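Working notes, structure below.
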Amino acid sequence: MSGLGIAAVAAAGVAALAWLVVSFSAPGGRRTIVEWIGTCALYAALLAFFVSLARSAWLEERTVALVAFGFLAAIFAAGSVLSSYRLVQVIRGRG
């Protein structure tokens, strides 16, 4: 398994674990932090998945697939940055 594959599986595991913790915990500050950790992990898993697909499309010289997967990777990269920023705000108590 490649580094991207390991990152995707690890991030998906963190997202699933965060989902379980959020499902069984009472509303509060810690739950909000776990929610944002799960959100960041989900974006990271999707980003790794689409980067891997874009890389495969590049190596196989499939232009349409490269554009499509590259676009999705850019969308999830932006989401990852925004959710990470929001996580930092919540941890600092500004959220």
Side-chain angles (χ1 to χ4, degrees):
M1 186 178 286
S2 69
L4 277 175
I6 293 170
V9 170
V14 169
L17 184 63
W19 173 67
L20 287 172
V21 169
V22 167
S23 295
F24 295 109
S25 62
R30 290 182 189 221
R31 177 180 164 170
T32 303
I33 292 172
V34 174
E35 288 172 355
W36 282 106
I37 289 171
T39 302
C40 291
L42 186 60
Y43 272 112
L46 290 169
L47 177 61
F49 176 67
F50 284 113
V51 166
S52 175
L53 289 174
R55 183 177 177 271
S56 296
W58 175 314
L59 294 175
E60 296 171 8
E61 298 180 2
R62 297 181 303 160
T63 306
V64 174
L66 176 62
V67 170
F69 294 138
F71 174 75
L72 289 169
I75 293 294
F76 287 114
S80 181
V81 169
L82 292 174
S83 63
S84 298
Y85 175 75
R86 185 73 177 118
L87 172 63
V88 170
Q89 282 186 326
V90 168
I91 290 173
R92 293 172 116 185
R94 297 182 184 168

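Not measured: the values here are computed from a predicted model.
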Hey, what do you get for CG (Leu66) to OG (Ser56), rounding to the nearest 0.5 Å?
-> 10.5 Å
Pairwise distance CG(Leu4) to CZ(Phe50) - rounded to 0.5 angstrom | 13.0 Å
Closest heavy-atom pair, Ala41 versus Ala15, reported as atoms and distance to 0.1 Å, is CB-N, 3.7 Å
Between CG on residue Leu42 and OG on residue Ser80, distance to nearest 0.5 Å | 10.0 Å
For the student: nearest non-hydrogen atoms of Ala12 and Ala45, plus distance | N-CB, 3.9 Å
More than 12 heavy atoms of other groups within 6.0 Å of Arg30 CZ | no
How many angstroms lie between OG in Ser25 and CG in Leu20, if you round to the nearest 0.5 Å?
-> 10.5 Å
Of all the heavy-atom pairs spanning Ala54 and Gly70, show the shortest one and how long it is.
-> CB-N, 4.1 Å
Evaluate the side-chain proximity of Trp19 to Val22: yes if any heavy-atom separation is below 4.5 Å, no if none is.
-> no
Could you tell me the separation between the CD1 atom of Ile91 and the CH2 atom of Trp36, rounded to the nearest 0.5 Å?
-> 12.0 Å
Nearest heavy atoms of Leu46 and Phe76, plus distance in Å = CD1-CE2, 3.5 Å
For the residue pair Ala18 and Gly38, what are the closest heavy atoms and their distance?
-> CB-CA, 3.6 Å
Is there side-chain contact between Phe71 and Ile75, with at least one heavy-atom pair below 4.5 Å?
-> yes
For the atom pair CG (Leu87) and CG (Leu82), what is the distance rounded to the nearest 0.5 Å?
-> 12.5 Å
Which heavy atom in Arg94 sits nearest to a heavy atom in Arg86, and how many Å separate them?
-> O-NH1, 4.4 Å
Do Val14 and Tyr43 share a hydrophobic cluster (ILVMFWY, side-chain heavy atoms under 4.5 Å, transitive)?
-> no
More than 12 non-hydrogen atoms from neighbouring residues, nucleotides or ligands closer than 6.0 Å to CD on Glu61, yes or no?
-> no
Mind checking salt bridge (charged side-chain N to carboxylate O under 4.0 Å, His left out) for Arg31 and listing every partner two or more places apart, or none if nothing turns up?
-> Glu35
